[in-house]
2 protein chains.
Amino acid sequence: MIIQLEPQSDIPIYTQLTNQIIEGIATGFLQPGHSLPSVRALAADLGVNMHTVNKSYHELEKKGIISIIPKSGAVVRPRKEISQEAGHAERIFAALRPVIAEALVVGLDQQQIEKQLISIIHDLKEIKS
Amino acid sequence: MIIQLEPQSDIPIYTQLTNQIIEGIATGFLQPGHSLPSVRALAADLGVNMHTVNKSYHELEKKGIISIIPKSGAVVRPRKEISQEAGHAERIFAALRPVIAEALVVGLDQQQIEKQLISIIHDLKEIKS
DNA sequence: TGTTTGTTCTATAAAATATAGAACAGTTCT
DNA sequence: AGAACTGTTCTATATTTTATAGAACAAACA
């Protein structure tokens with residue numbers, strides 16, 4: 001899986017990493033049960049600090065997307081386990097709201113937003129590799 | 001217009017303010033041509049620092065949503081002026097992508113996301129006062 | 001003519017971000 | 001059993017971001 005980090009971005013490295021791992025799961029590249037690289041291995045691979053990767057993994061765990069087994073490793077949780085938990089929709093829709101508000105203010109209409117939504121979903125749903 | 005800031009939030013105060021002003025414009029509460037309060041007045045009203053409000057206004061200006069007239073004040077830009085500018089869609093859809101990816105990973109399907117999208121739009125489109 | 005405006009500057013403090021290195025104890029593998 | 005690897009925890013440092021505070025300025029405004 002190719003991960004591209006931009007150190008110059010205003011988005012923190014650990015957030016970029018978190019988002020790309022989520023995308024990796026969404027696309028099916030990282031499947032349920034899959035082990036993630038160790039924090040040290042991935043840090044070395046990406047050229048960042050171990051603690052930065054660790055922070056990303058814990059963010060993913062907080063979101064309920066992966067399980068961190070102490071002294072062992074991190075694993076993508078089964079889809080059913082993830083979806084069983086409550087609070088996901090609230091968190092995500094709360095993040096969605098300001099984006100939609102801005103879209104409307106800059107003149108995008110419901111059709112355009114829906115079209116892009118579908119485009120993103122189709123793009124992610126294409127299982128790569 | 002009621003603005004509620006949460007100092008304890010992980011979202012910076014100036015970002016919260018920016019988002020709520022955008023919502024205010026989306027709902028029609030703040031209409032094109034409307035003057036925003038002076039940075040001092042709003043800061044005093046909200047109980048935050050002048051520079052925090054100033055940063056929010058400049059964020060809104062950077063997004064192309066308001067005009068800051070030096071030594072005079074800040075004004076909501078006309079809708080046509082805003083939508084004429086390029087780059088809006090790219091910026092917004094880039095912000096949309098990680099949210100959608102997480103939604104899919106958590107088990108939300110296209111229908112549910114679309115339903116919520118429409119719900120948010122309808123909620124914002126209701127002109128309040 | 002005062003008042004208000006955004007602007008600019010210095011200053012300070014706390015929190016967030018990122019890196020670095022070390023040590024620990026449990027896990028995994030040979 | 002032993003070696004390698006794992007996440008965890010700790011100290012440390014540096015930079016950036018966030019937020020506040022106060023002062024001064026010149027243009028705009030009433």
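Each chain gets a letter, A, B and so on, in the order the sequences are listed, and its residues count up from 1. Note that the structure is a prediction, hence the values are computed from the model and not measured.
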**Report entry** Within residues 60-72 of chain B or reaching into it, pairs that qualify as salt bridge (Lys or Arg N to Asp or Glu O under 4.0 Å) - sequence neighbours excluded
**Finding:** A/E102-B/K63
Query raised in the report: Starting at CD1 of B/I11 and ending at C1' of C/dA15, how long is that distance when rounded to a whole Å?
Result: 16 Å
Requested in this report: Verify side-chain contact (heavy atoms from CB on, under 4.5 Å) between B/L42 and B/L17, making sure each step is shown before the conclusion.
Outcome: CA-CA 10 Å; B/L42 185 53; B/L17 179 55; 4.3 Å; yes
Query raised in the report: Residues in side chain to side chain donor-acceptor pair (under 3.5 Å) with A/Q20, at least two apart?
Result: none
Query raised in the report: Hey, does the side-chain of B/K71 have a donor or acceptor N/O within less than 3.5 Å of a partner on the base of C/dG6?
Result: yes
Query raised in the report: Whole Å only: how far is the CG atom of B/L36 from the P atom of C/dT4?
Result: 19 Å
Query raised in the report: For the side chain of B/H88 and the backbone of A/L108, is there at least one donor-acceptor N/O pair under 3.5 Å apart?
Result: no
Query raised in the report: Does A/D45 have any side chain to side chain donor-acceptor pair (under 3.5 Å) partners at least two apart in sequence or in another chain, and if so, which?
Result: none
Query - Along DNA chain D, first and last positions that approach a heavy atom of chain A under 4.0 Å - result: D/dT6 to D/dC10
Query raised in the report: Is there a residue in residues 37-45 of chain A whose heavy atoms reach under 4.0 Å of DNA chain D, and which residues are they?
Result: A/S38, A/V39, A/R40
Report task. Using side chain to side chain donor-acceptor pair (under 3.5 Å) as the criterion, list what pairs up with B/Q84, not counting sequence neighbours. Result -> none
Query raised in the report: Counting only non-hydrogen atoms, which of residues 46-60 of chain A are less than 4.0 Å from DNA chain D?
Result: A/M50, A/H51, A/N54, A/H58
Query raised in the report: Is there a side-chain contact (heavy atoms from CB on, under 4.5 Å) between B/Y57 and B/I21 once you walk through the steps?
Result: CA-CA 9 Å; B/Y57 279 12; B/I21 291 173; 3.9 Å; yes
Query - Partner set under side chain to side chain donor-acceptor pair (under 3.5 Å) for A/S56, not counting sequence neighbours - result: A/T18
Report task. Can you see which heavy atom on A/I66 is nearest to which on A/A74, and at what distance? Result -> CD1-CB, 4.0 Å
Enumerate donor-acceptor pairs with a distance under 3.5 Å from any side-chain N or O in residues 110-118 of chain B to protein atoms, sequence neighbours excluded.
from   : atom 1 : to     : atom 2 : distance (Å)
B/Q110 : NE2    : B/E114 : OE2    : 3.3
B/Q112 : OE1    : B/D109 : N      : 3.0

Query - salt bridge (Lys or Arg N to Asp or Glu O under 4.0 Å) partners of residues 15-41 of chain A, not counting sequence neighbours, each pair once - result: A/E23-B/R97
Show me the donor-acceptor pairs, under 3.5 Å and distance only, between side chains in residues 4-13 of chain A and residues at least two apart or in other chains.
from : atom 1 : to    : atom 2 : distance (Å)
A/S9 : OG     : A/I11 : N      : 2.8

Query raised in the report: Between C/dA18 atom C1' and A/E6 atom CD, what is the distance in whole Å?
Result: 17 Å
**Report entry** Closest non-hydrogen atom pair between B/P32 and B/P78, with its separation
**Finding:** CB-CA, 3.8 Å
Query raised in the report: Axis-to-axis angle across the helix from C/dT1-D/dA30 to C/dT30-D/dA1, five pairs an end, to 10 degrees?
Result: 40°
**Report entry** Earlier contact from the 5' end, DNA chain C, for B/E61 and A/I13
**Finding:** B/E61
